[in-house]
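Below is one structure, written out as structure tokens, with a few remarks after it.
Below, each value reflects all heavy atoms present in this structure, side chains not excepted, and no hydrogens, waters or symmetry copies. Please read these numbers as outputs of a predicted model, since none were measured by experiment.
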Amino acid sequence: MRHIEREELKPEESDQLLLLPGGHPPLWNHMDSIGPVGLQQREGAPGCSQEGLPCPSDSSELVLECLQQFKVTETQLQQIQASLLGSMEQALRGQATPASAVRMLPTYVGSTPHGTEQGDFVVLELGATGASLRVLWVTLMGTEGHRMEPQSQEFVIPPEVMLGPGQQLFDFAAHCLSEFLDALPMDKQGLQLGFSFSFPCHQTGLDRSTLISWTKGFRCSGVEGHDVVQLLRDAIERQGAYSIDVFAVVNDTVGTMMGCEPGVGPCEVGLVVDTGTNACYMEEARHVAVLDEDRGRVCISVEWGSFSDDGVLGPVLTTFDHALDRESLNPGAQRFEKMIGGLYLGELVRLVLAHLAQRGVLFGGCTSPALLSRGSILLDHVAEMEDPLAGAARVHALLQDLGLSVGASDAELVQYVCAAVLTRAARLCAAALAAVLSRLQHSREQQMLQIAVATGGRVFERHPSFLSVLQKTVMLLAPQCDVSFIPSVDGGGRGVAMVTAVAARLAAHRRLLEENLAPFRLNHNQLAAVQAQMREAMVKGLRGEASSLRMLPTYVRATPDGTERGDFLALDLGGTNFRVLLVRVTAGGVKITSQVYSIPEDVAQGSGQQLFDRIVDCIVDFQQKQGLSGQSLPLGFTFSFPCRQLGLDQGILLNWTKGFSASDCEGQDVVCLLREAIGRRQAVELNVVAIVNDTVGTMMSCGYEDPRCEVGLIVGTGTNACYMEELRNVAAVAGDSGHMCINMEWGAFGDDGSLDLLRTCFDANVDQASINPGKQSFEKMISGMYLGEIVRHILLRLTSLGVLFRGQQTQRLQTRDIFKTKFLSEIESDSLALRQVRAILEDLGLPLTSDDALMVLEVCQAVSQRAAQLCGAGVAAVVEKIRENRGLEELTVSVGVDGTLYKLHPHFSGLVAATVRELAPRCAVTFLQSEDGSGKGAALVTAVACRLAQMARV
Ligand code: 0WK
Ligand code: BGC
Ligand code: BGC
């Protein structure tokens with residue numbers, strides 16, 4: 001690890017920071033000393049410049065002018081740093097950035113390694129080192145174990161494969177994989193692979209990544225715009241040698257950063273300078289607009305290779321850079337990379353040498369076919385020629401191999417050229433890195449930033465001066481940053497394995513999540529089966545045969561016809577709130593005054609007398625407040641529990657539901673119980689005219705506005721439906737003509753076991769813990785009283801499997817009803833970012849990561865989706881029954897709906913309607929959300945009863 005002390009560097013030295021081999025003083029000062037001696041020449045030879053050889057002073061000018069072009073001033077570096085930083089922040093804000101900007105690509109790596117990762121991993125590296133790919137076998141030993149050296153093998157990629165069809169490239173990779181594995185003695189079952197793919201990609205997951213554009217000598221067809229993980233999976237499948245799971249795709253900079261020894265780092269920047277160049281760093285997630293995260297960090301691949309802001313790079317780009325770019329595979333692209341990346345440094349040196357030779361400054365003014373052919377000088381050649389000790393000798397050897405006659409001073413000049421090209425590359429790279437460091441300072445609001453940068457790539461390994469120039473320049477450009485450079489030990493293989501280990505763990509979690517949620521994902525056939533079973537149960541219930549659907553006659557024979565008039569009292573018991581209402585029905589419409597009263601749990605589960613006394617107390621309180629004391633208005637009682645009605649004002653409570661269990665009520669006529677309570681209260685006169693179920697009240701309430709409303713649906717604390725059935729089909733009530741509203745009490749559907757195929761272990765947990773186990777099966781899969789509990793039980797299971805909350809069971813999560821159903825509505829609301837999901841869960845004292853929040857969201861979605869679909873299957877059964885009752889091809893009908901879950905959940909109503917459209921395509925169903933609740937409906941039923949009684953009396 002190399003650390004340069006600040007005092008070592010004096011500002012005026014910066015511009016001259018061009019380290020020459022053998023410790024010569026800086027080049028620029030040296031130029032003056034390039035005397036005639038260096039410039040021997042031979043007249044008229046082929047490939048030699050015919051121009052007269054320049055006189056010594058001219059040629060040194062020429063060399064100076066040439067190498068001067070590679071000099072980048074500190075001011076220019078600062079401008080590049082500032083412009084690059086600007087482009088980074090623009091891209092982070094998600095503002096459309098011109099093609100010439102950096103890309104700032106999120107990598108889905110959210111934390112630096114914490115060394116706990118364990119296991120054997122195969123790593124495939126493609127693109128980092130140009131025309132070769134590498135396969136590694138990496139064993140991670142976790143925190144305890146000692147470090148195991150990865151085994152690796154490098155494979156040269158034939159040029160035609162780098163430029164041919166994409167399938168050929170991936171087949172080549174798959175072939176190398178199996179060749180590598182064939183040679184390995186290990187057990188090769190359940191191989192987990194991490195794919196290091198060093199090109200700009202849009203990642204949409206740890207294992208989903210779309211190639212934006214090739215760089216660095218690659219240009220295979222049919223890959224850009226495609227998911228490279230899928231292409232690799234397909235190739236491995238075609239190879240068929242091994243079953244390998246590709247768990248993660250990682251950019252080489254990320255692998256380099258993650259490969260940093262935990263003890264030394266953590267490194268929060270990964271810097272690669274190999275054939276190409278790029279960096280990644282850990283950005284605050286809240287600053288990355290495309291991610292709706294507000295907590296934690298995410299690794300961003302900067303892709304600074306594409307930075308080419310003409311304003312600041314224009315003056316730095318030399319004629320050689322333009323020539324190189326024109327000849328490159330991707331002219332106009334990756335301009336910044338083409339000044340730094342190892343794939344281009346050799347070429348730049350070649351172009352300069354050819355230029356100087358043609359100007360007669362080098363090699364006696366003679367060139368050679370090899371010197372004039374692209375790619376004849378490689379990065380390694382530059383490294384050798386630059387070597388302070390053996391460099392000069394290597395220059396002779398290498399250039400002679402290129403068919404050049406190297407004069408005495410040529411070698412030194414050639415080394416100057418190498419140094420100039422390399423130094424510029426290092427300084428430009430430093431300007432880019434300084435931009436990243438300034439960004440880190442900004443995003444962490446730190447004055448002084450202490451940071452470790454992991455470095456990888458052959459330019460670092462082969463050109464020791466590159467790092468020192470880079471460091472010195474970074475220190476000048478980012479003086480507030482205390483940077484330590486950590487060379488990556490194995491080119492990032494371990495880092496890729498670390499990410500793969502995390503990805504494998506997350507994938508295993510996802511599989512467990514899917515396994516537990518799969519029973520909630522109902523397909524068309526399952527829903528159609530529920531519809532058919534409900535239809536069958538309806539018919540049996542209407543016939544009075546054994547059925548889990550009681551199909552209770554309500555003695556409501558018609559929906560309102562608008563002639564109702566008068567003032568009515570209405571009670572609404574059974575939902576979230578108990579309400580007392582004054583309903584004034586006039587020609588101009590219905591005016592409602594109401595008051596909500598609470599029914600404490602101990603009253604709802606106390607004695608019946610206590611409950612009905614509480615109801616009468618509320619009525620009296622309401623009358624006093626409304627100045628109705630002493631008036632005996634007709635009263636309609638919405639009693640939202642299963643009652644066998646013997647008449648409009650007689651209803652025998654069959655059984656409590658929804659958390660009510662008041663004693664001495666079941667089997668009783670609740671109208672009597674109410675009248676007795678009124679009787680117990682002195683000086684109170686009430687005329688109880690009708691008792692209606694909340695589904696009936698809701699249907700009537702909506703029917704007042706829309707006469708086609710012939711179905712009532714409640715999806716709130718409980719769930720149920722009613723509808724207008726042909727009287728001829730209602731065995732319990734005499735008469736063959738006309739209609740009667742039937743309260744289906746569908747909450748009990750499936751109590752006969754007909755839903756057991758769909759019931760999950762979580763449903764069983766909720767049922768067993770309820771006060772009415774074995775009862776209200778359909779309700780317990782749909783309604784608000786239970787959905788939160790189903791979710792809680794699933795979260796408990798996933799926590800016990802280690803999938804959620806790092807496996808930590810919290811007391812809070814083990815508390816019944818702690819996860820309210822309203823949380824589902826909040827968590828699933830589209831406008832709620834993941835961060836708000838996290839806030840809700842943190843209020844529950846659940847320590848969670850963003851992945852946890854995402855999984856909790858999916859659990860909520862699965863539970864509410866099943867509920868809505870089952871509800872939709874029920875409605876489909878009802879409207880199809882009405883359509884067939886009336887022998888209609890098409891039925892147009894409206895459904896009046898009420899209930900907190902239906903009204904507040906962001907997607908519930910839409911899913912119900914979609915399921916009805918799917919299962920009852922011949923019914924055009926309109927869902928009308930009831931505005932005034934069923935109290936109005938109860939008053940309207942009372943009004944109809946009073947009108948009919950009036951007419952009967954006349
Ligand atoms: C409002 C109705 C009431 C019904 C309730 C159901 O006025 O009769 O019981 O909706 O919804 P919940 O309040 O149970 O969510
Ligand atoms: C690619 C980057 C990569 C860099 C270093 C560039 O050409 O676009 O994704 O990290 O080379 O290999
Ligand atoms: C009751 C029904 C009621 C429904 C909606 C169920 O628990 O049994 O009578 O309509 O809840 O409130």
Give a yes or no on whether a salt bridge exists between [X] and [Y], defined as a side-chain N under 4.0 angstrom from a carboxylate O.
X      : Y      : result
Lys780 : Glu789 : no
Glu283 : Arg439 : yes
Arg806 : Asp852 : no
Asp751 : Arg550 : no
Glu826 : Lys822 : yes
Lys903 : Glu931 : no

Legend entry - Parallel, tilted or perpendicular, as decided by the 30° and 60° cut-offs, for the rings of His905 and Phe908: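 Rings of Phe908 and His905: perpendicular, as their planes differ by over 60°.
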Inset, instruction - Measure up the Phe749 and Phe778 rings against each other and bin them: parallel (under 30°), tilted (30 to 60°), perpendicular (over 60°). - result: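 Perpendicular.
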Heavy-atom pair with the smallest gap, counting every atom of [X] and [Y]:
X      : Y      : answer
Leu512 : Leu798 : O-CD2, 4.2 Å
Leu440 : Met282 : CD2-O, 3.4 Å
Arg494 : Leu140 : NH2-CD2, 3.9 Å
Ala507 : Phe247 : CB-CE2, 3.4 Å
Thr638 : Asn693 : CG2-C, 4.1 Å
Leu611 : Val603 : CA-CG1, 3.7 Å

I need the [X] [atom1] to [Y] [atom2] distance, nearest 0.5 Å.
X      : Y      : atom1 : atom2 : result
Ile840 : Leu857 : CD1   : CG    : 10.0 Å
Ser443 : Glu284 : OG    : CD    : 5.0 Å
Leu105 : Ser301 : CG    : OG    : 5.5 Å
Leu506 : Arg511 : CG    : CZ    : 11.0 Å
Gln118 : Arg505 : CD    : CZ    : 11.0 Å
Leu758 : Ser777 : CG    : OG    : 11.0 Å

Inset, instruction - Show your working on salt bridge (Lys or Arg N to Asp or Glu O under 4.0 Å) between Asp763 and Arg866 and close with a plain yes or no. - result: CA-CA 12 Å; Asp763 296 309; Arg866 179 188 71 165; 2.6 Å; yes
Flag the pair [X] / [Y] as yes when at least one side-chain heavy-atom distance between them is below 4.5 Å, and no otherwise.
X      : Y      : answer
Leu654 : Glu666 : no
Leu571 : Phe578 : yes
Thr107 : Val250 : no
Phe927 : Val875 : yes
Gln809 : Gln814 : yes
Val288 : Leu291 : yes
Val715 : Thr900 : no
Met534 : Leu549 : yes

Legend entry - Glu601, CD atom: more than 12 neighbouring heavy atoms under 6.0 Å: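 Incorrect, the count does not exceed 12.
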Inset, instruction - Assess whether atom NE2 of His202 is packed by more than 12 heavy atoms of other residues, nucleotides or ligands within 6.0 Å. - result: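 No, the 6.0 Å shell around NE2 holds no more than 12 heavy atoms from other groups.
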Is [X] reaching over with its side chain to a backbone N or O of [Y], donor-acceptor style, under 3.5 angstrom?
X      : Y      : value
Arg614 : Gln610 : no
Thr821 : Met785 : no
Gln869 : Val912 : no
Thr760 : Phe762 : yes
Ser594 : Val580 : no
Thr815 : Gln811 : yes

Legend entry - Sole candidate of Leu804, Asn516, Ile790 that passes side chain to side chain contact (heavy atoms under 4.5 Å, CB included) when paired with Leu795: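 It is Leu804; the other options fail the test.
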Would [X] and [Y] count as having a side-chain donor-acceptor pair, cut-off 3.5 Å?
X      : Y      : result
Arg93  : His287 : no
Asn655 : Asn772 : no
Tyr597 : Asp617 : no

Legend entry - Trace of the side-chain hydrogen bond (donor to acceptor under 3.5 Å, both in side chains) decision for Glu828 with Ser864: CA-CA 9 Å; Glu828 291 181 59; Ser864 63; 2.9 Å; yes
Inset, instruction - Please report the C-alpha distance between Asp694 and Ser640 in whole Å, then the side-chain angles of each, then the deciding distance to 0.1 Å, and finally whether the side-chain hydrogen bond (donor to acceptor under 3.5 Å, both in side chains) criterion is met. - result: CA-CA 5 Å; Asp694 53 355; Ser640 311; 3.0 Å; yes
Inset, instruction - Would you please test Arg579 and Val596 for side-chain contact (heavy atoms from CB on, under 4.5 Å) and show each step? - result: CA-CA 4 Å; Arg579 292 191 313 155; Val596 170; 3.6 Å; yes
Inset, instruction - Decide yes or no on side-chain hydrogen bond (donor to acceptor under 3.5 Å, both in side chains) for Asp898 and Thr698, but give the supporting numbers first. - result: CA-CA 7 Å; Asp898 208 333; Thr698 300; 4.6 Å; no
Inset, instruction - Verify salt bridge (Lys or Arg N to Asp or Glu O under 4.0 Å) between Lys658 and Glu779, making sure each step is shown before the conclusion. - result: CA-CA 9 Å; Lys658 293 177 288 188; Glu779 177 161 89; 5.8 Å; no
Inset, instruction - Let me see the working for Arg759 and Asp767 under salt bridge (Lys or Arg N to Asp or Glu O under 4.0 Å), right down to the final yes or no. - result: CA-CA 10 Å; Arg759 286 186 77 214; Asp767 180 47; 3.7 Å; yes
Inset, instruction - Please assess Leu813 against Arg792 for the test side-chain contact (heavy atoms from CB on, under 4.5 Å), listing each intermediate value before the final yes or no. - result: CA-CA 7 Å; Leu813 195 56; Arg792 185 176 70 86; 4.0 Å; yes
Inset, instruction - Check the pair Leu841, Phe823 against side-chain contact (heavy atoms from CB on, under 4.5 Å), reporting the backbone distance first and the verdict last. - result: CA-CA 9 Å; Leu841 299 168; Phe823 291 161; over 6 Å; no
Inset, instruction - Show your working on side-chain contact (heavy atoms from CB on, under 4.5 Å) between Asn720 and Met744 and close with a plain yes or no. - result: CA-CA 7 Å; Asn720 186 17; Met744 299 175 64; 4.3 Å; yes
Inset, instruction - Under the disulfide (SG to SG under 2.5 Å) rule, what do Cys299 and Cys280 come out as? Steps first, then yes or no, please. - result: CA-CA 6 Å; Cys299 180; Cys280 70; 3.7 Å; no
